[in-house]
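Side chains included, hydrogens not; waters and symmetry mates left out as well; all remaining heavy atoms used. For clarity, every value in this text was computed on a predicted model and none was experimentally measured.
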Amino acid sequence: MNMGLRWIFSIYALLTFLLSLGIILMLTEVYDSVAYVLEFPKNDSFFIVVISLVSFLALVSLILFFSSFKSSPSTRKDLNIDTSLGEISISKKSIESMAYNIAKKFDGIRSLEVETDIFSKAEKIKLIVTFSVFKNSAVQQTAKEMQQRLKDDLERMLEVQVSEVQIYVIDLEGKTSKKQRVV
């Protein structure tokens, strides 16, 4: 969520809290906040501020209400493609298997892992590939070649856009601990 939306939601939350607190205090007869607001000096700037705050609350509430019915563009488990004859569904596991088989052909890599994010409505996928390299391997060259080959081969095989291929090269040397051998 970007910073502008965070500010809007924080202001909305604060105003909603204050409004709720005022209603609770009024209902429990601890403090009559509505009477205080109505008795406040009636000048134009005060009413403009009150109307602006209430309008802001109403607008954000309407946006939240209507956005709750909208389906999120989050990733799905299957890639669903509508055709004139019906629907084609390709599982996430099969896409990851295809990508894994393409990536494992590269020399000098080990501990290969492939994850996929699928965006069915946009008919595109995003790949996340994690691996470690042997000591004498050219890391950047291998990663760039793998990115390009994964993108080209998967777009050719699946006939969908590969929007992004993220490569993470990890160091397994630091994670493994050598055990001493008893002779």
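- Within the model, atoms CG of Asp78 and NZ of Lys93 stand 12.0 Å from one another, a figure rounded to the nearest 0.5 Å.
- Side-chain contact between Phe119 and Lys126: present, with at least one pair of heavy atoms (C-beta onward) separated by less than 4.5 Å.
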>> Go through it in stages, so that I can follow the logic: the residues are Leu158 and Ile90, the test is side-chain contact (heavy atoms from CB on, under 4.5 Å), and I'd like the CA-CA distance, side-chain angles, deciding distance and then a yes or no.
In response: CA-CA 9 Å; Leu158 298 173; Ile90 304 170; 3.9 Å; yes
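- Rounding to the nearest 0.5 angstrom, the gap separating the OG1 atom in Thr142 from the CD atom in Gln147 is 11.5 Å.
- Nearest approach of Glu155 to Val162, heavy atoms of both residues: OE2-N, 3.0 Å.
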> Given Tyr12 and Leu57, is the side-chain contact (heavy atoms from CB on, under 4.5 Å) satisfied, shown in steps?
Replying inline: CA-CA 6 Å; Tyr12 175 77; Leu57 285 174; 3.6 Å; yes
Give every donor-acceptor pair under 3.5 Å between a side-chain atom in residues 99-107 and any protein atom, sequence neighbours left out.
| from | atom 1 | to | atom 2 | distance (Å) |
| --- | --- | --- | --- | --- |
| Asn101 | ND2 | Ser97 | O | 3.2 |

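- Ile88 CD1 to Leu85 CG: the interatomic distance, rounded to the nearest 0.5 Å, is 8.5 Å.
- Between Ile109 atom CD1 and Ser132 atom OG the span is 8.5 Å, to the nearest 0.5 Å.
- The pair Glu145-Arg149 fails the salt-bridge criterion, with no side-chain N (NZ, NE, NH1 or NH2) lying under 4.0 Å from an Asp/Glu carboxylate O.
- Surrounding NZ of Lys124 are at most 12 heavy atoms belonging to other residues, nucleotides or ligands under 6.0 Å away.
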Validation: residues 18-27 side-chain donor-acceptor distances under 3.5 Å, sequence neighbours left out:
| from | atom 1 | to | atom 2 | distance (Å) |
| --- | --- | --- | --- | --- |
| Ser20 | OG | Thr16 | O | 2.8 |

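- Side chain of Lys92 to main chain of Thr116: a donor-acceptor pair is present (N/O by atom type, distance under 3.5 Å, no hydrogens or angles).
- Residue Glu87 qualifies as enclosed at atom CD: its count of foreign heavy atoms under 6.0 Å is above 12.
- For the pair Val129 and Tyr168, the minimum side-chain heavy-atom distance is 4.5 Å or more.
- Using a 4.5 Å cut-off between side-chain heavy atoms of Ile, Leu, Val, Met, Phe, Trp and Tyr, with links allowed through other members, Ile128 and Val133 fall into different hydrophobic clusters.
- A distance of 5.0 Å separates CG in Leu154 from CE in Met157, rounded to the nearest 0.5 Å.
- The environment of CD in Glu115 is sparse: at most 12 heavy-atom neighbours from other residues, nucleotides or ligands sit within 6.0 Å.
- Note that CG of Leu127 is 6.0 Å distant from CG of Leu150, once rounded to the nearest 0.5 Å.
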